[in-house]
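Notes follow the structure.
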Amino acid sequence: MDQSKEKEARTITLTVDSRLEDVFLVGLAVRSICSYTSLSVMEASQMEVCVVEAVNNAIKHSYHLKKGYDVDIIISLYPDQIEFKVCNSGEPMKSTAEARVNFDPKDVKELPEGGLGLYIINSIMDEVSYRCLDGRNVVRMCKWIKPRVSLPE
Amino acid sequence: MIFEDKFIGGILVVKPLEKRIDASSSTNFEGHMVEAIKDGHNRIVLDLAEVDFIDSSGLVAIVSTLKMIGPRGDLVIGGMKETVMSLFRLTRMNRVFQIYPSGEEAVNTLCDGFKA
């Protein structure tokens with residue numbers, strides 16, 4: 001992202017402990033911030049699901065459900081997009097395989113039970129990327145929004 | 001997690017009294033459903049009227065319940081809010097479950113099916 005674009009951003013960083021029972025607080029904050037944009041209530045709820053999924057993945061797969069570690073959520077609001085970066089310093093993600101949803105709905109035994117979180121994120125967000133650099137794992141998710149409100153100068 | 005369970009005409013109606021079924025509560029939810037099935041209930045209505053957020057862990061817990069009941073019973077859902085329904089549509093689980101606008105309608109449909 002170029003520097004002029006960076007200047008347009010309004011950014012907040014949330015830090016939550018690696019406890020699944022605290023992740024709802026992140027969800028509530030995401031929903032509230034999204035309500036400031038042109039996203040609908042439904043879209044704001046979808047943003048909440050995506051960020052919650054990414055934080056849950058960090059806690060489950062990078063920190064292996066161990067408490068006492070930080071998960072940072074950097075939320076940047078641009079005039080035309082909202083960006084979420086979910087960062088942790090645990091184990092890098094081993095698999096980015098998402099669930100396949102072309103299942104036979106009558107074949108109950110074969111219904112997917114894994115990878116649904118990544119499928120949800122990839123389906124809802126306009127851009128998704130994952131990188132691991134210097135021991136820092138970052139999932140970046142971006143949703144394009146219609147410019148509606150001008151950010152404070 | 002708190003539940004309101006009712007027994008209506010041979011059908012168990014399970015209503016979670018929480019706003020969220022997520023990674024922190026899905027184990028509790030699934031445990032409650034497993035207990036109900038072990039107690040012999042295999043015609044169950046899940047009333048989600050109070051729930052406004054479900055993540056993939058919650059969804060998987062509901063799918064696991066359906067798998068556990070298997071072909072010998074029914075798991076029918078009622079009262080789903082639009083935010084929750086959108087996740088079912090996105091993951092195509094709306095094709096798997098019988099979904100009704102309210103818990104009452106779900107119960108009535110199961111009762112009618114039982115009589116027929």
Side-chain angles (χ1 to χ4, degrees), chain A residues 16-28 30-31 34 40-61 63 65 67 71 98-125, chain B residues 1-2 16 18-30 33-34 37 42 44 48 50-77 80-99:
Chain A
V16 68
D17 191 80
S18 51
R19 294 157 45 94
L20 290 177
E21 53 269 43
D22 289 352
V23 177
F24 79 99
L25 293 169
V26 176
L28 296 180
V30 167
R31 202 191 301 190
C34 287
S40 66
V41 171
M42 181 64 69
E43 288 168 326
S45 175
Q46 291 178 332
M47 296 300 102
E48 178 182 3
V49 173
C50 289
V51 177
V52 164
E53 294 290 351
V55 176
N56 286 342
N57 279 345
I59 294 172
K60 288 180 183 174
H61 304 302
Y63 292 132
L65 297 172
K67 297 173 182 177
V71 180
E98 61 177 46
R100 294 177 63 189
V101 296
N102 58 342
F103 51 78
D104 176 359
K106 289 177 183 167
D107 190 358
V108 172
K109 284 182 187 169
E110 296 302 317
L111 295 177
E113 292 192 65
L116 276 174
L118 288 176
Y119 170 80
I120 289 167
I121 290 171
N122 289 329
S123 300
I124 290 173
M125 289 292 180
Chain B
M1 197 168 194
I2 302 168
E18 307 277 348
K19 287 184 179 297
R20 304 174 78 90
I21 304 177
D22 57 17
S24 70
S25 60
S26 59
T27 305
N28 193 311
F29 170 83
E30 198 173 333
M33 301 306 278
V34 167
I37 295 165
N42 61 5
I44 300 176
L48 294 178
E50 298 294 321
V51 177
D52 62 22
F53 181 91
I54 282 186
D55 65 9
S56 65
S57 301
L59 201 56
V60 166
I62 296 172
V63 169
S64 298
T65 304
L66 180 68
K67 286 184 177 182
M68 180 167 252
I69 290 178
R72 62 200 161 91
D74 295 294
L75 176 64
V76 177
I77 303 176
M80 213 187 279
K81 291 182 180 171
E82 192 52 36
T83 49
V84 175
M85 186 66 191
S86 76
L87 198 70
F88 274 70
R89 283 198 203 97
L90 184 72
T91 54
R92 302 187 188 176
M93 291 299 172
N94 60 318
R95 302 182 306 159
V96 174
F97 292 92
Q98 294 178 61
I99 297 170

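Reminder, nothing fancy here: chain letters follow the sequence lines and each chain counts from 1.
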I'd like to know which of Q46(A), E113(A), K109(A) tops the heavy-atom pair count under 4.5 Å against chain B.
E113(A)

Does any backbone or side-chain atom of [X] lie under 4.5 Å from a heavy atom of chain A? Answer side chain, backbone, both or neither.
X	answer
F97(B)	neither
R20(B)	side chain
S25(B)	neither
L59(B)	side chain

Could you have a look at L90(B), V63(B), D55(B) and say which one has the most heavy-atom pairs with chain A under 4.5 angstrom?
L90(B)

Side chain, backbone, both or neither: which part of I59(A) has an atom under 4.5 Å from a heavy atom of chain B?
neither

Rounded distance [0.5 Å steps], [atom1] in [X] versus [atom2] in [Y]:
X	Y	atom1	atom2	result
S45(A)	D52(B)	OG	CG	7.5 Å
L111(A)	R95(B)	CG	CZ	9.5 Å
D22(B)	E48(A)	CG	CD	9.5 Å
K67(B)	E110(A)	NZ	CD	7.0 Å
L116(A)	M93(B)	CG	CE	5.5 Å

Looking at N56(A), V52(A), I120(A), V49(A), which hits side-chain contact (heavy atoms from CB on, under 4.5 Å) with S56(B)?
I120(A)

For the student: nearest non-hydrogen atoms of Y119(A) and T91(B), plus distance
CE2-CA, 4.1 Å

Show your reasoning for whether side chain to side chain contact (heavy atoms under 4.5 Å, CB included) applies to K60(A) and S57(B).
CA-CA 11 Å; K60(A) 288 180 183 174; S57(B) 301; 3.0 Å; yes

